[in-house]
2 protein chains.
Amino acid sequence: MLIRLDPASAEPLFAQLAAAVRGAIARGDVAAGERLPSARVLAESLGLNVHTVLHGYQQLRDEGLVELRRGRGAVVTEAGASGLARLHEAVAGVVAEAHRLGLSADELTALIRREYS
Amino acid sequence: MLIRLDPASAEPLFAQLAAAVRGAIARGDVAAGERLPSARVLAESLGLNVHTVLHGYQQLRDEGLVELRRGRGAVVTEAGASGLARLHEAVAGVVAEAHRLGLSADELTALIRREYS
DNA sequence: CAATTTGTTCTATTAGAGCTAGAACAATAC
DNA sequence: GTATTGTTCTAGCTCTAATAGAACAAATTG
């Protein structure tokens, strides 16, 4: 699971990290039941603070994608993995369409959020 | 054009405002060539600072959705209106699918961003 | 033309989020 | 029992968002 972060981005590091893991789950790179690297290990390899990594993990937990337990780490949940996988194709289609129209990710996500409310 | 803002949200007010206008354009509530309320007027009615509203308008200008001119205000562009309208249906479909899966707006937008890169 | 409207630019201040840092603690794994 | 790992707490730093006030420039309006 390769994780690329952009410290210059307006998107917070913890959110970028969560998005990277989320994407990995959606693409099936990480299966349900698999353990993610521990926060301390991942923080070390990414050059981040442990708290920042844990913040990202906790966001994924709030979304129901992973479970966090002391001594064991972060484990991908069954529900999270299957749900995301099903959505992946539809998302790819919309993104392609938006790309064709020359829209930015910000514009598209703004539309999404508007539709949600 | 009804605009609802949530001061407690993590999303900045200027971004929420831009998203609201963007959604109005996408749904056809505001047609190309139409003028948006002036920044001073809108700031007054929303209880915001003029700069905050202008910040939102300027974001929309950077996205090519509106034109800003002194004395005239913010006008919806032809390109912006037509482009967003075409995307609207596809977005609605994906959001419905995501909703069915019980996913949050954050999860979905994270997938979108992941797909963009 | 003159007055009004409206966006632009500038400086300044305040409040909050994000990130880092260090430490102590609790539950789980081995 | 020991090591691992998430949890919680305090602290400080930086940057962005938001507010505020003022002066200015361009376009509209009458």
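All of these numbers come straight from a predicted model, not from anything done at the bench. So that the names make sense, note that chain A is the first sequence line, chain B the second, and so on, each numbered from 1.
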Subject >> Residue mapping more 5' on DNA chain C - nearest nucleotide basis, A:Arg40 or B:Ala39 >> reply: B:Ala39
Can you give me the N/O atom pairs linking the protein to nucleotides 16-20 of chain C at distances under 3.5 Å, or say none if there are none?
from, atom 1, to, atom 2, distance (Å)
C:dC19, OP1, A:Leu13, N, 2.2
C:dC19, OP2, A:Phe14, N, 3.4
C:dT20, OP2, A:Asn49, N, 3.2
C:dT20, OP2, A:Thr52, OG1, 2.4

Original post:
Got a sec, which hydrophobics cluster with B:Leu54, joining ILVMFWY side chains under 4.5 Å apart, including via others?
Top reply: B:Val50
Original post:
Who passes salt bridge (charged side-chain N to carboxylate O under 4.0 Å, His left out) against A:Asp29, sequence neighbours left out?
Top reply: A:Arg27
**OP:** Mind checking B:Leu68 for me? I need base, sugar-phosphate or nothing, with any heavy atom below 4.0 Å counting as a touch.
**Re:** sugar-phosphate
Subject >> CD/A:Glu44: more than 12 non-hydrogen atoms of other groups inside 6.0 Å >> reply: no
**OP:** Measure the distance from CG on B:Leu60 to P on C:dG7 and round it to the nearest whole Å.
**Re:** 13 Å
Original post:
Does B:Thr77 use its side chain to pair, donor to acceptor, with the backbone of B:Leu65 at less than 3.5 Å?
Top reply: yes
Original post:
Can you pull the salt bridge (charged side-chain N to carboxylate O under 4.0 Å, His left out) pairs that have at least one residue in residues 65-75 of chain A, sequence neighbours excluded?
Top reply: A:Glu67-A:Arg69, A:Glu67-A:Arg72
Subject >> Rounded to 10 degrees, the angle between the two terminal axes of the helix from C:dC1-D:dG30 to C:dC30-D:dG1, each from five pairs >> reply: 50°
**OP:** Scan residues 14-50 of chain A for pairs that pass ring-ring contact (aromatic ring centres under 6.0 Å, His included), counting only residues two or more places apart or in two chains.
**Re:** A:Phe14-A:His55
**OP:** Would you list the pairs meeting ring-ring contact (aromatic ring centres under 6.0 Å, His included) in which at least one residue belongs to residues 56-78 of chain B, sequence neighbours left out?
**Re:** none
Original post:
With sequence neighbours excluded, what pairs up with B:Asp62 under the side-chain contact (heavy atoms from CB on, under 4.5 Å) test?
Top reply: none
**OP:** Taking heavy atoms of chain B and a 4.0 Å limit, find me the 5'-most and 3'-most nucleotide of DNA chain D within that range.
**Re:** D:dA17 to D:dT29
**OP:** Tell me, please, which residues at least two apart from B:Ser45 pass side-chain contact (heavy atoms from CB on, under 4.5 Å).
**Re:** B:Leu42
Subject >> A:Arg72 CZ - C:dT28 C1' separation (whole Å) >> reply: 9 Å
Original post:
If you link I, L, V, M, F, W and Y whenever their side-chain heavy atoms are under 4.5 Å apart, who else ends up in the same group as B:Val41?
Top reply: none
Original post:
For B:Glu34, which residues count as a side-chain contact (heavy atoms from CB on, under 4.5 Å) partner, sequence neighbours excluded?
Top reply: B:Val30, B:Ala31
Subject >> Rounded distance (Å) that lies between atom P of C:dT5 and atom CD of B:Glu44 >> reply: 14 Å
Subject >> Interatomic distance where CG belongs to B:Leu42 and C1' belongs to C:dG7 [whole Å] >> reply: 14 Å
